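Taking it in order: structure first as structure tokens, then the write-up.
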Amino acid sequence: MRALPVGDDALLVEVSSGEEAQALHTELLRRRAEGTLSVREIVPAARTVLLDGLADPARLASELTTSEVPPVPRRARAAVELPVRYDGPDLADVAAHWGVSPREVARIHAGTEFSVAFCGFAPGFGYLTGLPQRYDVPRRATPRTAVPAGAVALAGPYTGVYPRSSPGGWQLIGTTDSVLWDHTRVPAALLSPGTRVRFVPVGSS
């Protein structure tokens, strides 16, 4: 673990894996909730956690780099279920990359429980982990200029759902009608770091 100062009152903590970043994020949220950590923002990413609004970043940096972070406890909260039609235009390509049939891609993906590692790219977009490393897939060589809202996609070790139409280079394997971002909803984002997610097949696939 390495802690780097960012400005006068922020700290960027680097770790070696996504799992460690999730564990650190969970531990920092716990400390803030119990009142032992005063911080304005805690923002996880793939292998970092940013803390903004610290009174004494140097003291916290010293503490974190010499302490053990416990693993993420299993949440009692039920997983968010997203209905999905496995009808994406890249489903056959993903199946070929995995060495299975398109139907088997749907079975493997829907049989996995995911966790939101971090959010970014667009409001409501979560980077979901859970698939074994052997199912990593490359991004498309040529990104699409417009990916429709609700597209369920894969890239590297992540699954994601596009909350709105936007350019993108992920492999599209399905479609959901779930609304990932709604500014009239509290909270606006359906998914947040640490949320458990399951995809539930609907229709034909």
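These numbers come from a predicted model, not from an experiment.
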Counting distance only, does the side-chain N/O of [X] pair as donor-acceptor with the main-chain N or O of [Y] below 3.5 Å?
X      : Y      : result
His109 : Leu131 : no
Thr36  : Arg31  : yes
Ser67  : Leu64  : yes
Arg134 : Trp98  : no
Ser62  : Ala58  : no
Thr176 : Pro83  : yes
Arg140 : Asp90  : no
Gln171 : Pro138 : yes

Can you confirm whether more than 12 heavy atoms, excluding those of [X], are under 6.0 Å from its [atom1] atom?
X      : atom1 : result
Arg2   : CZ    : no
Arg139 : CZ    : no
Gln133 : CD    : no

**Request:** Please step through ring-ring contact (aromatic ring centres under 6.0 Å, His included) for the pair Phe114 and Phe199, ending with a clear verdict.
**Result:** CA-CA 9 Å; Phe114 294 88; Phe199 292 90; 5.5 Å; yes

**Request:** Carefully, step by step, assess Leu60 and Glu63 under the rule side chain to side chain contact (heavy atoms under 4.5 Å, CB included).
**Result:** CA-CA 5 Å; Leu60 182 61; Glu63 177 190 340; 4.0 Å; yes

Between [X] and [Y], which heavy-atom pair has the shortest distance, and what is it?
X      : Y      : value
Ala149 : Pro163 : CB-O, 3.8 Å
Ala10  : Leu50  : CB-CD1, 4.5 Å
Pro201 : Ala110 : CG-CB, 3.5 Å
Ala3   : Ala61  : CB-CB, 3.6 Å
Val49  : His25  : CG2-N, 4.2 Å
Val116 : Val197 : CG2-CG2, 4.0 Å

Quick one: pull up [atom1] in [X] and [atom2] in [Y] and give me the separation to the nearest 0.5 Å.
X      : Y      : atom1 : atom2 : value
Ile42  : Leu11  : CD1   : CG    : 11.5 Å
Arg107 : Arg103 : CZ    : CZ    : 11.5 Å
Thr175 : Tyr86  : OG1   : OH    : 11.0 Å
Gln22  : Glu27  : CD    : CD    : 14.5 Å

**Message:** Apply ring-ring contact (aromatic ring centres under 6.0 Å, His included) to residues Trp181 and Phe121 and explain how you reach the verdict.
**Reply:** CA-CA 13 Å; Trp181 177 267; Phe121 168 63; over 10 Å; no

**Request:** Start with the C-alpha gap between Val152 and Leu82, add the side-chain angles, then the distance that decides, and say whether side chain to side chain contact (heavy atoms under 4.5 Å, CB included) holds.
**Result:** CA-CA 10 Å; Val152 178; Leu82 301 178; over 6 Å; no

Taking C-beta and beyond as the side chain, do [X] and [Y] meet within less than 4.5 Å on heavy atoms?
X      : Y      : result
Leu154 : Tyr135 : no
Ile173 : Val84  : no
Arg144 : Pro89  : yes
Leu37  : Arg30  : no

**Item:** Ring centers of Phe125, Tyr158 separated by less than 6.0 Å
**Value:**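 Centroid distance Phe125-Tyr158: not below 6.0 Å, so no.
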
**Prompt:** For Leu191 and Leu128, what are the C-alpha separation, side-chain angles and deciding distance, and is it a side chain to side chain contact (heavy atoms under 4.5 Å, CB included)?
**Reply:** CA-CA 10 Å; Leu191 307 179; Leu128 280 59; 4.1 Å; yes

**Message:** Before you tell me yes or no, could you show the steps for Glu104 and Ile108 under side chain to side chain contact (heavy atoms under 4.5 Å, CB included), namely the whole-Å CA-CA distance, both residues' side-chain angles and the distance that decides it to 0.1 Å?
**Reply:** CA-CA 6 Å; Glu104 184 69 0; Ile108 293 169; 3.8 Å; yes

**Prompt:** Would you call Glu113 and Arg198 a salt bridge, taking side-chain N to carboxylate O under 4.0 Å as the test?
**Reply:** yes

